[in-house]
Amino acid sequence: MITRKTMTCALVAFVAAAALTGCADASNATPHQTTFPFSGGTLDVRAHETPTDLVAADRKDIKVTLWFDVKGTNPSSSWSLDGKTLNLRADCSGWADCSARFRVEVPREVKVLRDGRKTDLRGTHSAGAPSTGAK
């Protein structure tokens with residue numbers, strides 16, 4: 001005999017499985033962009049485990065592009081510049097699968113740190129889709 005509790009559990013499992021159908025893929029996501037004025041000599045980029053391409057560019061400000069795809073619920077993303085620290089976050093919680101990638105274009109003369117450690121900027125300035133660069 002099927003009880004109400006069994007039916008409820010089955011329904012919850014079905015809804016959760018439906019929410020995760022297909023995998024999230026940042027390369028297919030619509031890009032979102034912002035810029036920050038910046039006049040410092042050093043920038044520390046903190047991406048909190050999200051893959052991030054750092055690119056030297058002919059610009060005076062910092063340009064951040066986010067590609068973020070979520071299959072499920074509870075996505076959250078943010079970007080903020082506090083002094084010389086650029087904080088980037090993109091994640092999801094609960095029954096969800098998410099994929100994110102940031103691209104940060106920085107003036108060529110700025111020294112860039114990744115999570116407080118020296119890094120080399122790579123790539124070239126372009127408006128293309130997210131690359132497959134390292135975290």
To the nearest 0.5 Å, what is the distance between [atom1] ([X]) and [atom2] ([Y])?
X    : Y   : atom1 : atom2 : value
T85  : L43 : OG1   : CG    : 7.5 Å
R114 : L86 : CZ    : CG    : 11.5 Å
I62  : W79 : CD1   : CH2   : 13.0 Å

Taking NZ, NE, NH1 and NH2 as the nitrogens, is one of them in R89 or D91 under 4.0 Å from a carboxylate oxygen of the other? no

Closest non-hydrogen atom pair, [X] against [Y]:
X    : Y    : result
A90  : L66  : CB-CD1, 4.2 Å
V112 : T119 : O-CG2, 3.4 Å
C92  : V70  : CB-CG1, 4.4 Å
C98  : F68  : CB-CE1, 3.8 Å

Under 4.5 Å between side-chain heavy atoms, counting indirect links through other Ile/Leu/Val/Met/Phe/Trp/Tyr residues: same cluster for V45 and L113 or not? no

Shared hydrophobic cluster, L54 / F38 (ILVMFWY, side-chain heavy atoms < 4.5 Å): yes

Please answer whether the main-chain N or O of K84 pairs with a side-chain N or O of D44 as donor and acceptor at a distance below 3.5 Å. no

R46 and N87: side-chain contact (heavy atoms from CB on, under 4.5 Å), yes or no, with the steps? CA-CA 5 Å; R46 306 239 171 200; N87 275 295; 3.5 Å; yes

Within-4.5 Å side-chain heavy-atom neighbours: T50 and L88: no

Side chain to side chain contact (heavy atoms under 4.5 Å, CB included) against T65, all qualifying residues, sequence neighbours excluded: P31, Q33, K63, W67, R103

